[in-house]
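Computed from a predicted structure; not experimentally measured. Positions are given from 1, in the same order as the sequence printed here.
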Amino acid sequence: MRKAFAVCFLCLLLIASSVSSAFAAPFDDDGLLRLVNREEKITKKYEPADLVKPNVPTNKKSQQESIYMRAEAAAALEKMFQAAMDEQGYTLLAVSGYRAYGLQQVMFNNKVAAVGSKEKAWRKVAPAGASEHQLGLAQDVICDNYRYLNSGFAETAEGQWLYANCHRFGFIVRYLKEWDDITGYAAEPWHFRYLGVNHAAAVHWLNIPYETYAHQAMLLPEYILTDGNAYLLYGVMDNALNGDGCLFEEICDAACETKEQQQATIEEMTAYFLPEGITLEMALSGQVH
């Protein structure tokens, strides 16, 4: 994909507005892009309103009551598990989805007691309010051939397939070893976070931690966040993160205020960033490789 970006396209991207796009709905508590970590905590009262139990196998029968997710994420998890079976014959197993604030607090306190200090516990378990599991958008996943939540899962064929393909279903591997200085947590190759296909693909192709992606994406207009396809999001973010254009530095007088203007801008910019072999129609329909 191209890195250089015409100034006229960059200016079209930004909407003149007194309301900062950092407060765009996708980053609200109920938004699919909500960033949660030790610095960006969620309140103890938050609970998703649309939790459902995905129809997927678990490591133990008792864990069936521990795998709830938000409806969209649960449906995507089902598709991912089925694809693993259909494409490779892999049996994936869900372990832990939504966790209430109180349960996370108990888990963190237990880890503190086990390792002797909060500082050591922070590397392994998120304190209450700092866990993505409270969003209902995260699921811990293992497989029939490797039933352990440890780093060894990354070396399994199932773990490697998930790393290469989970973005096709809207998930990212949230915590990798090379990112621990940014995420604040040790590697968790079993922890998958749902963002939706377009953002998950962009994060995967950029190969960056979600903190880096989210902090830059918060500056984008909401219509780009909600309606932008994977190729557009990748191109814009790659350009901004590499400093190859004037993105986020100028706001044009010509604002994209109507749906028609926004769609025209999305199509024009997407066409600029398309890789070889991907048509505009394919990109706009949500297809990713």
Side-chain angles (χ1 to χ4, degrees), residues 1-15 21-22 24-28 31-35 70 72-73 75-77 79-80 83 137 163-173 192-210 212-242 244-248 252 254-289:
M1 297 182 184
R2 304 177 185 179
K3 289 185 177 180
F5 193 57
V7 171
C8 59
F9 285 163
L10 291 169
C11 293
L12 280 172
L13 182 65
L14 301 175
I15 301 176
S21 61
F27 287 98
D28 289 347
L32 294 181
L33 300 183
R34 176 64 155 94
L35 175 64
R70 290 186 57 186
E72 182 178 334
L77 190 78
K79 291 179 181 178
M80 185 167 71
L137 297 173
Y163 180 79
N165 291 277
C166 66
H167 66 284
R168 294 165 44 202
F169 309 93
F171 291 91
I172 60 170
V173 182
F192 294 86
R193 161 69 190 271
Y194 184 75
L195 300 174
V197 171
N198 291 318
H199 289 282
V203 173
H204 176 75
W205 294 337
L206 289 163
N207 192 29
I208 57 176
Y210 186 55
T212 303
Y213 184 88
H215 288 143
Q216 194 72 48
M218 286 176 185
L219 303 175
L220 290 170
E222 186 170 334
Y223 81 92
I224 295 292
L225 296 173
T226 57
D227 299 332
N229 57 78
Y231 300 95
L232 169 59
L233 290 165
Y234 170 86
V236 168
M237 295 294 290
D238 183 56
N239 193 266
L241 292 169
N242 284 287
D244 293 330
C246 68
L247 192 60
F248 308 129
C252 278
C256 296
E257 297 174 347
T258 70
K259 274 290 185 182
E260 291 75 14
Q261 289 174 324
Q262 293 171 4
Q263 185 59 32
T265 299
I266 286 174
E267 292 182 9
E268 186 173 15
M269 293 173 60
T270 299
Y272 186 86
F273 285 121
L274 285 179
E276 185 177 353
I278 302 296
T279 67
L280 181 60
E281 182 180 6
M282 291 167 63
L284 296 177
S285 69
Q287 296 186 41
V288 299
H289 59 268

Closest non-hydrogen atom pair between Ile224 and Leu220, with its separation: CG2-CD1, 4.2 Å
Any donor-acceptor pair under 3.5 Å linking the side chain of His167 with the backbone of His289? yes
Tell me if the aromatic rings of Tyr231 and Phe273 count as close, with their centers under 6.0 Å from one another. no
Between Ala230 and Val288, what is the shortest heavy-atom contact and its length? CB-CG1, 3.7 Å
Validation row: Leu35, His215 side chains within 4.5 angstrom (heavy atoms): yes
Taking side chain as C-beta onward, heavy atoms only, is Leu195 less than 4.5 Å from Tyr210? yes
Between the CG atom in Asp227 and the CD1 atom in Ile266, the distance rounded to the nearest 0.5 Å is 5.0 Å
Judged by atom type as modelled, is there a donor-acceptor pair below 3.5 Å linking the side chain of Glu268 to the main-chain atoms of Thr265? no
Hey, is the main chain of Glu222 close enough, under 3.5 Å, to the side chain of Thr226 for a donor-acceptor pair? yes
Main-chain N/O of Leu232 paired to Asn229 side chain as donor or acceptor, under 3.5 Å: yes
For Asn198 against Gly228, the heavy-atom pair lying closest together: ND2-O, 3.4 Å
Give the minimum heavy-atom separation between Met237 and Ala217, together with the two atoms involved. CE-N, 3.7 Å
To the nearest 0.5 Å, how far apart are NE2 in His204 and CG in Leu206? 10.5 Å
Contact between Phe171 and Met80 at the side-chain level, heavy atoms closer than 4.5 Å - yes or no? yes
To the nearest 0.5 Å, what is the distance between CD on Gln263 and OG1 on Thr258? 10.5 Å
Is Tyr213 reaching over with its side chain to a backbone N or O of Ala200, donor-acceptor style, under 3.5 angstrom? no
I want to check something: taking the side chain as every heavy atom from C-beta on, are Phe27 and Arg34 in contact at a cut-off of under 4.5 Å? no
Are Phe192 and Val173 close enough that some pair of their side-chain heavy atoms sits under 4.5 Å apart? yes
Can you see which heavy atom on Leu233 is nearest to which on Ala202, and at what distance? CB-CB, 4.0 Å
Got Thr270 and Glu267 here, is their nearest side-chain heavy-atom distance under 4.5 Å? no
Counting N and O atoms only, with roles assigned by atom type, does the side chain of Asn239 sit under 3.5 Å from a partner on the main chain of Gly235, one being a donor and the other an acceptor? no
Minimum-distance pair of heavy atoms, taken over all atoms of Ala73 and Leu137: CB-CD2, 4.1 Å
Working to the nearest 0.5 angstrom, can you tell me the gap between Leu225 CG and Leu32 CG? 11.5 Å
Donor-acceptor pair, His199 side chain versus Tyr194 backbone, under 3.5 Å? no
